[in-house]
Amino acid sequence: MVAALAGLAIGLGAGLAIPWGRRRRSPVPPSPPSTELPAGTAEVLAALPSSAVVLDPADRVLRASSAARAYGIVRGDEMVIGDLLALARQVRRDGVIRETEIEVEMRRFGPDAATFAVRVAPLGGTGLVLVLAEDQTERLRVDAVRRDFVANISHELKTPVGALSLLAETIADASDDPDAVRRFTGRMQQEASRLTHVIQDLITLSRIQGAEPMAEPTEVDVDEVIEEALDTVRTAADAKGIELASGGTSELVVMGDEGLLATALRNLVSNAVAYSPQRTRVSVSAEATEQAVEISVADQGIGIPPQDLERVFERFYRVDAARSRATGGTGLGLAIVKHIMTHHRGEVTVWSKEGSGSTFTLRLPLSEGAEGDEGDGPSPSTSTAGDGGPPPNERPKPIGRQRK
């Protein structure tokens with residue numbers, strides 16, 4: 001009996017010990033991946049200029065910057081760019097940082113795409129993935145403009161240099177013909193003058209676009225600037241029978257660089273004379289509104305097609321390349337005007353109609369502290385600048401600053 005009871009106790013103990021041992025040897029289930037950002041990560045992401053997105057182990061967006069949402073990279077809690085999502089999964093699997101470049105369609109702004117330089121990295125070994133996307137669209141655009149500029153300037157300089165070389169050879173072959181020598185010498189002078197104008201315009205444009213600060217602004221008499229611009233084209237206008245006229249409000253004063261403003265207006269007036277038929281009129285007028293002083297140059301020339309209006313201020317862009325070369329234009333004049341007005345915190349606008357002429361307007365902000373003195377109204381003149389320009393608009397009563 002004693003032996004039987006001892007055997008029963010041993011059997012029961014062994015039966016209970018086996019499940020207990022199994023429970024002790026069974027592995028502890030892993031804890032779920034963390035979905036919390038490491039300390040300080042949110043503050044760092046907020047300070048980054050790039051678009052930043054943090055994905056959790058389930059590919060849900062844990063955090064996204066406002067730029068990432070604005071560009072359409074993130075919508076709600078989802079990464080909507082498939083290539084970026086696939087790249088993030090690869091980084092999560094192998095822990096290797098990856099970089100690439102992608103294009104994102106900007107549907108809210110039309111068919112244009114934005115180009116991003118992307119860097120994807122694991123974040124803290126927690127299954128989280130950080131995606132950084134930096135907008136490269138503007139940099140690529142600037143690079144393209146720089147390449148176009150180099151190509152254009154190479155072409156513009158090659159043309160007169162090649163012509164000079166050819167003319168020099170022709171003169172050498174025609175040394176016994178005085179009439180031919182005189183004719184070809186005149187052509188050489190024209191090409192040399194054209195080359196000089198291109199180089200001078202490039203120097204001016206480079207100085208305006210560069211880091212060189214503009215001289216301390218001074219008071220500029222608008223009447224003097226207009227008179228100087230008209231004087232520079234008077235000979236060319238007389239040769240074509242073009243009447244030059246000025247009008248508007250007199251004795252206006254703006255703050256700026258007198259030399260640069262004179263260059264801007266001179267370029268506009270020169271273009272107006274060059275692209276106007278014989279026996280027409282070019283007029284310049286100045287007016288003061290509540291916000292700005294406006295100087296307008298109007299002609300009765302060939303006009304500008306609507307599809308070219310947005311591009312006329314680009315460097316080397318010509319509406320009629322053959323006519324521009326015939327008139328000696330460099331294709332830089334309007335680009336210089338635009339940059340000069342940018343330096344003066346102003347703007348240049350254009351109105352044009354094919355066959356009816358064009359009107360370019362320089363709009364300069366009123367100087368700080370300018371008094372709201374009323375003008376004396378339009379001064380007597382040969383004409384106003386509305387000839388050949390747009391229909392007159394209702395304007396507020398001029399209260400621009402006038403010289404006392």
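Quick caveat: nothing in here was measured; it's all calculated off a predicted structure. Numbers for residues simply follow the sequence, beginning at 1.
Glu219 and Val253 get closest at one heavy-atom pair: CB-CG1, 3.8 Å. Of all heavy-atom pairs spanning Val282 and Ser276, the tightest one is CG2-OG, 4.0 Å. Taking both residues in full, the closest heavy atoms of Thr249 and Glu287 are given as OG1-CA, 4.2 Å, listed atom of the first, atom of the second, then distance. Ala264 and Val337 get closest at one heavy-atom pair: O-CG2, 3.5 Å. Closest of all the heavy-atom pairs between Gly72 and Val80 is O-CG2, 2.9 Å. The two atoms that bring Val53 and Ala68 nearest to each other are CG2-CB, 3.8 Å, heavy atoms only.
Under a 3.5 Å cut-off, the side chain of Ser296 and the backbone N or O of Thr361 do not form any donor-acceptor pair. When atom types are taken as modelled, the side chain of Ser165 and the backbone of Val161 share no donor-acceptor pair closer than 3.5 angstrom.
Contact annotation: the side chain of Asp257 approaches that of His344 to within less than 4.5 Å [non-hydrogen atoms, C-beta and beyond]. Within the 4.5 Å cutoff, no side-chain heavy atoms of Arg60 are placed close to those of Glu78. Side-chain contact between Pro306 and Glu354 is present, with at least one heavy-atom pair separated by less than 4.5 Å. By the 4.5 Å heavy-atom criterion applied to side chains, Asp299 and Asn271 are not counted as neighbours. Contact annotation: the side chain of Val293 never approaches that of Pro365 to less than 4.5 Å [non-hydrogen atoms, C-beta and beyond]. In this structure, Leu261 and Ile295 have side chains that are not in contact, with every pair of non-hydrogen atoms separated by 4.5 Å or more. By the 4.5 Å heavy-atom criterion applied to side chains, Thr359 and Val297 are not counted as neighbours. Using a 4.5 Å cut-off on side-chain heavy atoms (C-beta onward), Val350 and Leu309 make contact.
Under the side chain to side chain contact (heavy atoms under 4.5 Å, CB included) rule, Phe360 has a single partner from Leu265, Asn267, Leu334, Thr349, which is Leu334. Val269 pairs in a side chain to side chain contact (heavy atoms under 4.5 Å, CB included) with only one of the listed residues (Asp231, Leu230, Ile226), which is Leu230. Each of Arg92, Arg98, Gln90 was scored for a side chain to side chain donor-acceptor pair (under 3.5 Å) with Asp94, with one residue passing: Arg98.
Rounded to the nearest 0.5 Å, atoms OG1 (Thr280) and CD (Gln278) are 9.0 Å apart. Note that CZ of Arg63 is 12.5 Å distant from CG of Leu128, once rounded to the nearest 0.5 Å. The distance from the CG atom of Leu130 to the CG atom of Leu62 is 11.0 Å, given to the nearest 0.5 Å. Put simply, CG on Leu364 and CZ on Arg345 are 13.0 Å apart, with the number rounded to the nearest 0.5 Å. Here the CD atom belonging to Gln300 is positioned 7.0 Å from the CZ atom belonging to Arg281, to the nearest 0.5 angstrom. Within the model, atoms CD1 of Ile73 and CG of Leu84 stand 6.5 Å from one another, a figure rounded to the nearest 0.5 Å.
The pair Arg234-Asp238 fails the salt-bridge criterion, with no side-chain N (NZ, NE, NH1 or NH2) lying under 4.0 Å from an Asp/Glu carboxylate O. Electrostatic pairing of Arg311 and Asp308 does not count as a salt bridge here, judged by no charged N lying under 4.0 Å from a carboxylate O.
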Decide side chain to side chain contact (heavy atoms under 4.5 Å, CB included) for Val131 and Leu87; before the verdict, give the C-alpha distance in whole Å, the side-chain angles of both, and the deciding distance to 0.1 Å. CA-CA 9 Å; Val131 179; Leu87 198 63; over 6 Å; no

Does the pair Thr170 and Arg187 meet the rule for a side chain to side chain contact (heavy atoms under 4.5 Å, CB included), with working shown? CA-CA 11 Å; Thr170 305; Arg187 289 286 308 278; over 6 Å; no

Would Ile102 and Thr100 satisfy side chain to side chain contact (heavy atoms under 4.5 Å, CB included), going step by step from the backbone distance to the final call? CA-CA 7 Å; Ile102 65 168; Thr100 188; 4.2 Å; yes

Take Leu362 and Leu268 through the test side chain to side chain contact (heavy atoms under 4.5 Å, CB included) and record every step on the way to the result. CA-CA 10 Å; Leu362 305 178; Leu268 293 182; 3.7 Å; yes

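Here Glu101 pairs with nothing under the side chain to side chain donor-acceptor pair (under 3.5 Å) rule; sequence neighbours left out. Contacts of Arg89 classified as side chain to side chain donor-acceptor pair (under 3.5 Å), with partners at least two apart in sequence or in another chain: Asp59.
Side chain to side chain, Tyr71 and Asp135 meet the donor-acceptor criterion of an N or O pair below 3.5 Å. Using modelled atom types and a 3.5 Å distance limit, the side chains of Ser65 and Ser51 yield no donor-acceptor pair. With hydrogens and angles left out, the side-chain atoms of Arg266 and Thr263 include a donor and acceptor closer than 3.5 Å.
Within a 6.0 Å sphere centred on CD of Glu347, heavy atoms belonging to other residues, nucleotides or ligands number more than 12.
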